[in-house]
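Before any comments, here is the structure.
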Amino acid sequence: MRRKKGSVLTMKLGTVGTSRITNSFINAAGQSEKLELSAVYSRSIENASQIANTYNAPHTFDDLEQMAKSEHIDIVYIASPNSLHYQQAKLFLKHNKHVICEKPIFSNTAEWDDTYQLAKENRVFLFEAMRNIHSPNSKILKQQITKAGKLRSAILHYIQYSSRYNLYLKGEEPNIFSSVFSGGALVDLGVYPISLAVTLFGEPDNISYHPIMLRSGVDGGGTLILEYNGFVCTVLCSKISHSHIPSEIHGEEGSFILDHVAPINKLQFVDSHTKESENLEIPQYENDIIYEIEEFTRIIETNNFKEYEELMKISRIVLKITETARKQNNIVFEVEK
Ligand SMILES: NC(=O)c1ccc[n+]([C@@H]2O[C@H](COP(=O)([O-])OP(=O)(O)OC[C@H]3O[C@@H](n4cnc5c(N)ncnc54)[C@H](OP(=O)(O)O)[C@@H]3O)[C@@H](O)[C@H]2O)c1
């Protein structure tokens with residue numbers, strides 16, 4: 001770590017994965033001025049060099065072990081296919097690097113428990129890059145949720161037709177529709193509304209999942225019911241159809257209307273009695289990844305274990321929900337066989 005701009009610490013960042021999300025993360029890292037891209041990993045050194053050249057990163061690797069051992073990084077961002085997160089995160093934690101792992105953090109809670117323990121033993125932090133729960137409008141919603149009075153129902157969804165489904169229909173098996181890579185709609189998109197629900201309402205008492213199954217053995221979409229005391233939250237997710245309606249949370253005193261769950265750009269409260277509505281949102285950065293980076297780096301800088309444990313608790317509950325939902329429907333990932 002080195003000092004930059006007075007007392008602000010800048011950590012040296014390494015990246016794993018070279019797709020669009022990695023570029024978005026690197027851009028957000030630059031914007032935050034908290035992480036400085038130092039090293040890029042790819043299975044192909046040409047791909048690594050291309051990203052490194054674009055962002056002026058001095059180091060490239062096509063050997064993950066070498067990068068994990070390297071002094072050129074303090075923290076790694078992992079954006080590889082889901083099934084690889086576990087082994088890759090472990091490798092970096094073992095070498096005392098902080099890890100920011102893309103959602104869904106791991107394939108199941110056994111992997112989560114193992115890795116969480118390893119991070120603790122090595123005195124480094126492990127974060128799940130669940131961008132939507134760190135943004136200002138999510139925080140506003142959490143602060144104001146009591147305005148709705150006794151909560152009775154919610155419909156939170158992420159339903160977005162994936163261009164990779166076209167490939168799937170042509171007979172290919174893109175990673176995100178593959179059980180080999182721990183894919184499927186619930187773990188890919190469902191985790192956004194589930195994370196928001198867990199952040200707002202806590203751990204549900206019961207869950208049940210009703211998936212639309214694909215021939216590859218994972219879900220293309222589905223409906224997840226989260227049961228709470230006196231309140232039911234319905235989560236819809238799909239990669240094989242598209243939604244054009246907002247999400248809603250209904251209480252006895254009023255309802256919240258969210259244009260989207262990730263990110264929430266518009267947030268409205270409508271009073272049940274007067275029918276008057278109020279806009280609660282504030283403008284957010286278009287690249288909302290910046291908010292998670294600010295939160296993670298602040299937690300590291302201040303050794304804020306309380307906030308860390310709160311985030312990790314949410315991460316584990318979300319994973320427990322998706323794992324339970326999969327088990328109910330015999331959706332078994334290859335790494336679990
Ligand atoms: N937070 C968000 O908004 C957001 C958005 C999109 C994705 N994600 C998450 O980011 C992660 C990556 O998603 P993605 O859609 O970018 O995945 P992807 O395109 O399937 O793969 C990402 C990268 O992993 C490497 N890779 C691909 N196939 C591999 C294989 N068979 N073995 C080893 N490495 C392989 C590739 O990098 P190299 O060839 O360079 O090694 C590729 O650039 C997932 O966990 C996803 O959930 C998050």
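Values below: all heavy atoms of this structure, side chains included; hydrogens, waters and symmetry mates excluded. Each ligand, and each atom within it, is numbered from 1 in the order the structure gives. For reference, positions follow the sequence shown, starting with 1.
- Using cut-offs of 30° and 60° on the angle between ring planes, the pair His260 and Tyr158 is perpendicular.
- Residue-ligand proximity: Gln50 is placed with every non-hydrogen atom at 4.0 Å or more from ligand 1.
- Residue contacts with ligand 1 for Leu84 involve side-chain atoms from C-beta outward but no N, CA, C or O (heavy atoms, distance under 4.0 Å).
- Remark: Arg298 does not engage Glu294 in a salt bridge, criterion side-chain N to carboxylate O under 4.0 Å.
- Look at Pro104 and you'll find a heavy atom under 4.0 Å from some atom of ligand 1.
- Regarding atom 6 (C) of ligand 1, its nearest protein heavy-atom neighbour is Ile21 CB, 3.9 Å.
- Selection from His85, Glu128, Glu102 by nearest heavy atom to atom 1 (N) of ligand 1 gives Glu102.
- Using a 4.0 Å cut-off between charged nitrogen and carboxylate oxygen, Asp113 and Arg316 count as a salt-bridge pair.
- Judged by the shortest distance from any of its heavy atoms, Phe25 lies outside the 4.0 Å radius around the atoms of ligand 1.
- When hydrogens are left out, the protein atom nearest atom 24 (O) of ligand 1 is Pro81 CD, 3.2 Å; that is the closest non-hydrogen contact.
- For atom 43 (O) of ligand 1, the choice among Thr18, Ile289, Asn132 with the nearest heavy atom turns out to be Thr18.
- Ligand 1 lies nowhere less than 4.0 angstrom from a heavy atom belonging to Ser44.
- You'll find the side chain of Lys313 stays beyond 4.5 Å of the side chain of Glu309, heavy atoms only.
- If you check each of Ala262, Ser83, Ala79, Ala129 against atom 22 (C) of ligand 1, the one with the closest non-hydrogen atom is Ala79.
- Ranking the protein heavy atoms by distance from atom 19 (O) of ligand 1 puts Arg164 NH1, 3.8 Å first.
- Near Tyr192, the atoms of ligand 1 lying under 4.0 angstrom from a non-hydrogen atom of the residue are 1 (N), 2 (C), 3 (O), 4 (C).
- Checked for salt-bridge contact, Asp188 and Lys239 meet the test: a charged N lies under 4.0 Å from a carboxylate O.
- Between Gln144 and Leu280 there is a side-chain heavy-atom pair separated by less than 4.5 Å.
- Among protein heavy atoms, the minimum distance from atom 47 (O) of ligand 1 is reached at Lys103 O, 2.6 Å.
- Ligand 1 lies out of reach of Arg20, whose nearest heavy atom is not under 4.0 Å from it.
- Every atom of ligand 1 with a heavy atom of Asp188 under 4.0 Å away is listed here by number and element: 47 (O).
- When only non-hydrogen protein atoms are considered, atom 11 (C) of ligand 1 lies nearest to Ser80 O, 3.3 Å.
- Proximity annotation for atom 28 (N) of ligand 1: of Asn82, Asn287, Asn175, Asn175 comes nearest, heavy atoms only.
- Ring geometry for Phe125 against Phe305 counts as parallel: the plane angle stays under 30°, on a 0 to 90° scale with 60° as the upper cut.
- Residue contacts with ligand 1 do not include Ile176, since none of its heavy atoms lies under 4.0 Å from the ligand.
- For atom 14 (P) of ligand 1, the closest heavy atom belonging to the protein is Ser19 OG, 3.9 Å.
- Of the charged side-chain nitrogens involved, at least one lies within less than 4.0 Å of a carboxylate oxygen, so that Asp114 and Lys90 count as a salt-bridged pair.
- More than 12 heavy atoms of other residues, nucleotides or ligands sit less than 6.0 Å from atom CD of Glu121.
- Looking at atom 31 (N) of ligand 1, its nearest protein heavy atom turns out to be Phe181 CZ, 3.3 Å.
- Ring geometry, Phe127 versus Tyr308: the interplanar angle exceeds 60°, so the pair is classed perpendicular (tilted spans 30 to 60°).
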Checklist entry - Does the pair Phe296 and His134 meet the rule for a ring-ring contact (aromatic ring centres under 6.0 Å, His included), with working shown? => result CA-CA 10 Å; Phe296 299 158; His134 303 282; 5.1 Å; yes
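- At a threshold of 4.5 Å between non-hydrogen side-chain atoms, the residues Asp62 and Thr60 do not count as touching.
- Contacts between Glu46 and ligand 1 below 4.0 angstrom, taking non-hydrogen atoms only, are absent altogether.
- With respect to the salt-bridge test (charged N to carboxylate O, under 4.0 angstrom), the residues Lys139 and Glu295 qualify.
- Heavy atoms of Arg43 found under 4.0 angstrom from ligand 1 belong to the backbone as well as the side chain.
- With hydrogens left out, the protein atom closest to atom 3 (O) of ligand 1 is Arg131 NE, 2.7 Å, a heavy atom.
- For the 3.5 Å distance criterion, the side chains of Asn137 and Gln284 qualify, holding a donor opposite an acceptor.
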